[in-house]
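Reading through the structure tokens given below for one structure.
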Amino acid sequence: HGYAHNLFSLLCQHTPNPPFHNFLLPANIQLFGIDSGVKRSTAGAAYRRVRTAAFMGKKLMNLPNNISHLCQISLSKFNNQYRMLLPEKMPGSNFIASLHLDPLTQIDPNEIYPVRAATSHPIEENFRVQLFEQLLNTDQHLSIDHLSSLGELMFQSDAGYTSCDLNSEETHLLVNLIRQQKSLNNVLFGAKITGGGGGGTVAVLAQNSSEAVETIATIVDQYEKISGRQTRTFSGSSSGLATYPSMTIEM
């Protein structure tokens with residue numbers, strides 16, 4: 001259902017038919033994806049540890065029955081009522097395994113789980129995503145102040161991944177190179193790791209200009225020299241999934 005030059009906003013809490021909508025990107029910005037060259041996997045130990053820790057935190061919060069997802073809690077309420085009640089870290093042996101509600105993971109008694117960071121991240125990220133969309137929809141030609149605020153939300157998101165140990169040295173390097181460049185001019189505004197973390201692609205918010213393209217190329221060159229990895233850069237927009245005919249696959 002995606003359209004060209006639009007971002008696709010999807011509320012994943014509702015299945016099997018989650019609500020979604022498209023919104024057009026402002027004309028004076030463009031998005032880049034820089035492949036770090038590091039393969040990521042949501043089946044990795046770091047992702048499992050954080051997922052498990054988030055479910056542990058949700059259980060320890062003893063939420064009302066009408067709260068199914070951590071993202072349903074406002075950030076202010078979480079900060080005021082729950083954040084400091086959660087342990088920063090917890091050994092798996094201290095958590096009663098029978099209370100674990102996630103069917104996809106198990107409590108490892110020998111693992112140390114980052115409960116507070118893993119529980120707060122989806123709540124903070126939900127707040128950032130909603131604010132990001134509101135700022136993007138302000139105008140079709142955003143001011144430098146708006147672009148800087150959008151970029152800051154991306155940097156905060158990346159820091160959230162880092163707090164959960166879902167970053168990688170390579171993606172951290174890319175984000176830092178972009179942060180350094182941001183302080184030199186007003187063509188790059190923010191960057192963040194994407195997906196489940198642990199590698200993969202870094203998303204970059206930039207000015208829609210040839211100078212931004214040249215700056216990205218410079219950063220990629222720096223990154224490859226420092227990291228020793230080959231990378232790829234993605235930009236522009238496809239025609240959107242909505243232009244392709246639907247298919248029915250019978251199993």
*With salt bridge (Lys or Arg N to Asp or Glu O under 4.0 Å) as the test, would you mind laying out the steps for Arg229 and Glu224 before giving the verdict?*
CA-CA 5 Å; Arg229 292 184 178 272; Glu224 290 184 342; over 6 Å; no
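- Here the CG atom belonging to Leu177 is positioned 15.0 Å from the NZ atom belonging to Lys182, to the nearest 0.5 angstrom.
- Looking only at atom types and distance, the side chain of His146 has no donor-acceptor partner in the side chain of Ser149 under 3.5 Å away.
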Donor-acceptor pairs under 3.5 angstrom involving side-chain atoms of residues 81-96: please list them, not counting sequence neighbours.
unit_1: Arg83; atom_1: NE; unit_2: Asn79; atom_2: OD1; d: 2.7
unit_1: Arg83; atom_1: NH2; unit_2: Asn79; atom_2: OD1; d: 2.8
unit_1: Arg83; atom_1: NH2; unit_2: Glu124; atom_2: OE2; d: 2.6

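- The CG atom of Leu70 sits 7.0 Å away from the CG atom of Leu63 when rounded to the nearest 0.5 Å.
- Listed for the Thr119 side chain is no donor-acceptor partner under 3.5 Å among the backbone atoms of Arg116.
- The cluster map of Ile, Leu, Val, Met, Phe, Trp and Tyr, joined by side-chain heavy atoms under 4.5 Å apart, puts Val187 and Phe189 in different clusters.
- Residue Glu169 holds its CD atom at 9.5 Å from OG1 of Thr171, rounded to the nearest 0.5 Å.
- The shortest distance between side-chain heavy atoms of Phe32 and Thr233 falls below 4.5 Å.
- At a threshold of 4.5 Å between side-chain heavy atoms, the hydrophobic network of Ile, Leu, Val, Met, Phe, Trp and Tyr places Leu10 and Leu24 in two separate groups.
- To the nearest 0.5 Å, the span separating CD1 on Ile219 from CD1 on Ile178 amounts to 5.0 Å.
- Residues passing the salt bridge (charged side-chain N to carboxylate O under 4.0 Å, His left out) test with Arg232, sequence neighbours excluded: Asp35.
- The shortest non-hydrogen separation linking Ala4 to Ser238 is CB-O, 3.3 Å.
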For residues 130-138, dump all side-chain donor-acceptor pairs below 3.5 Å to protein atoms at least two apart in sequence or in another chain.
unit_1: Glu133; atom_1: OE1; unit_2: Ser9; atom_2: OG; d: 3.1
unit_1: Glu133; atom_1: OE2; unit_2: His21; atom_2: NE2; d: 2.4
unit_1: Asn137; atom_1: ND2; unit_2: Glu133; atom_2: O; d: 3.3
unit_1: Thr138; atom_1: OG1; unit_2: Gln134; atom_2: O; d: 3.2
unit_1: Thr138; atom_1: OG1; unit_2: Leu135; atom_2: O; d: 2.9

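- With rounding to the nearest 0.5 Å, the separation of CG in Leu174 from CZ in Arg179 is 12.5 Å.
- Side chain to side chain, Thr215 and Thr218 fail the donor-acceptor criterion of an N or O pair below 3.5 Å.
- Phe155 and Leu31 fall into different hydrophobic clusters, where Ile, Leu, Val, Met, Phe, Trp and Tyr side chains are chained together by heavy-atom contacts under 4.5 Å.
- Separation of atoms OG (Ser163) and NE2 (His121) is listed at 7.0 Å; rounding is to 0.5 Å.
- Residue Leu75 is not grouped with residue Tyr161 when hydrophobic side chains (ILVMFWY) are merged at heavy-atom distances under 4.5 angstrom, including chains of intermediate members.
- Looking only at distances, no side-chain donor or acceptor of Asn22 sits under 3.5 Å from a matching main-chain atom of Asn6.
- Side chain of Gln72 to backbone of Ser68: a donor-acceptor contact under 3.5 angstrom is found.
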Which side-chain N or O atoms in residues 195-214 pair as donor and acceptor under 3.5 Å with protein atoms at least two apart or in another chain?
unit_1: Gln207; atom_1: OE1; unit_2: Ser209; atom_2: OG; d: 2.8
unit_1: Gln207; atom_1: NE2; unit_2: Asn186; atom_2: O; d: 3.4
unit_1: Asn208; atom_1: ND2; unit_2: Ala27; atom_2: O; d: 3.0
unit_1: Ser209; atom_1: OG; unit_2: Ala212; atom_2: N; d: 3.2

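- Remark: side-chain polar atoms of Asn126 are not paired, donor with acceptor, to backbone N or O of Pro122 under 3.5 angstrom.
- Ring-centre distance between Phe20 and Phe8: below the 6.0 Å cut-off.
- Listed for the Asn28 side chain is a donor-acceptor partner under 3.5 Å among the backbone atoms of Leu142.
- Applying the salt bridge (charged side-chain N to carboxylate O under 4.0 Å, His left out) rule to Asp108 yields no partners; only residues at least two apart in sequence or on another chain are considered.
- Taking hydrophobic clusters as Ile, Leu, Val, Met, Phe, Trp and Tyr residues chained together by side-chain heavy-atom distances below 4.5 Å, Val175 shares a cluster with Ile216.
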Result block: side-chain N/O donor-acceptor pairs under 3.5 angstrom for residues 49-61, not counting sequence neighbours:
unit_1: Arg49; atom_1: NH2; unit_2: Asp165; atom_2: OD2; d: 3.2
unit_1: Arg51; atom_1: NE; unit_2: Asp102; atom_2: OD1; d: 3.4
unit_1: Arg51; atom_1: NE; unit_2: Asp102; atom_2: OD2; d: 2.6
unit_1: Arg51; atom_1: NH2; unit_2: Asp102; atom_2: OD1; d: 2.9
unit_1: Thr52; atom_1: OG1; unit_2: Arg48; atom_2: O; d: 2.7
unit_1: Thr52; atom_1: OG1; unit_2: Thr105; atom_2: OG1; d: 3.3

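- Looking only at side-chain heavy atoms (C-beta outward), Ser157 and Leu153 stay at 4.5 Å or farther from each other.
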